[in-house]
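Shown next, in structure tokens, is the structure this report addresses.
Given the structure is predicted, the values throughout are model-derived calculations rather than measurements. What you see below is based on every heavy atom in this structure, not just the backbone, and it leaves out hydrogens, waters and symmetry mates.
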Amino acid sequence: AHWEELRAAALSAPRALELVVVGNGTAGVEVVLAMQQRIAGEGGRAHFTLAGDGPELLPAHPAAVRRRFEQRLKDCGIRLRLGQPVTRAS
């Protein structure tokens, strides 16, 4: 239910929503890309940031994979905020 509310808000907002997905591992990357693609594909307005306390994206993967996904996120306009713990959300 929360996803549908968020999606509807992005589709009807007078200005772009600022959305943050927390987690610099595989799940965080998958979720932020799926959300961005769905909202953008439907004409919604949102800016995305992927945040995580680790110093690098996808730490369990080889460097080449990390670089490929960093570029993919950049190409999609998704900002990275790594190496800083997330202490609160609203």
Considering non-hydrogen atoms only, spot the tightest contact between [X] and [Y] and give its length.
X     : Y     : result
Ala46 : Leu19 : CB-CD1, 3.9 Å
Val32 : Leu73 : CG1-CD2, 3.9 Å
Pro14 : Arg45 : O-NH1, 2.6 Å
Ala10 : Ile39 : CB-CG2, 3.7 Å
Trp3  : Met35 : CZ3-CG, 3.7 Å
Cys76 : Leu33 : SG-CD2, 4.1 Å

Just verifying a value: how many Å separate Glu5 CD and His2 NE2, rounded to the nearest 0.5 Å?
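Reported value, rounded in 0.5 Å steps: 6.5 Å.
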
One should read off an interatomic distance between Arg79 CZ and Glu18 CD, to the nearest 0.5 angstrom, of 5.0 Å

Path from [X] to [Y] over hydrophobic side-chain contacts below 4.5 Å:
X     : Y     : result
Leu58 : Val20 : no
Val31 : Val22 : no
Leu57 : Val65 : yes

Other residues, nucleotides, ligands: >12 heavy atoms within 6.0 Å of Glu30 CD
no

### Query
Can you tell me if CZ on Phe69 sees more than 12 non-hydrogen neighbours from other groups inside 6.0 Å?
no

request  = Run the salt-bridge test on Lys74 and Glu70 with the 4.0 Å N-O cut-off and return the result as yes or no.
outcome  = no

* Asked: Any donor-acceptor pair under 3.5 Å linking the side chain of Asn24 with the backbone of Leu50?
  -> no

Mind checking whether His61 and Thr26 have side chains closer than 4.5 Å, heavy atoms only?
yes

Query raised in the report: So, do Asp53 and Val86 sit near enough that their side-chain heavy atoms are less than 4.5 Å apart?
Result: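 Result no, sub-4.5 Å side-chain heavy-atom pair not found.
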
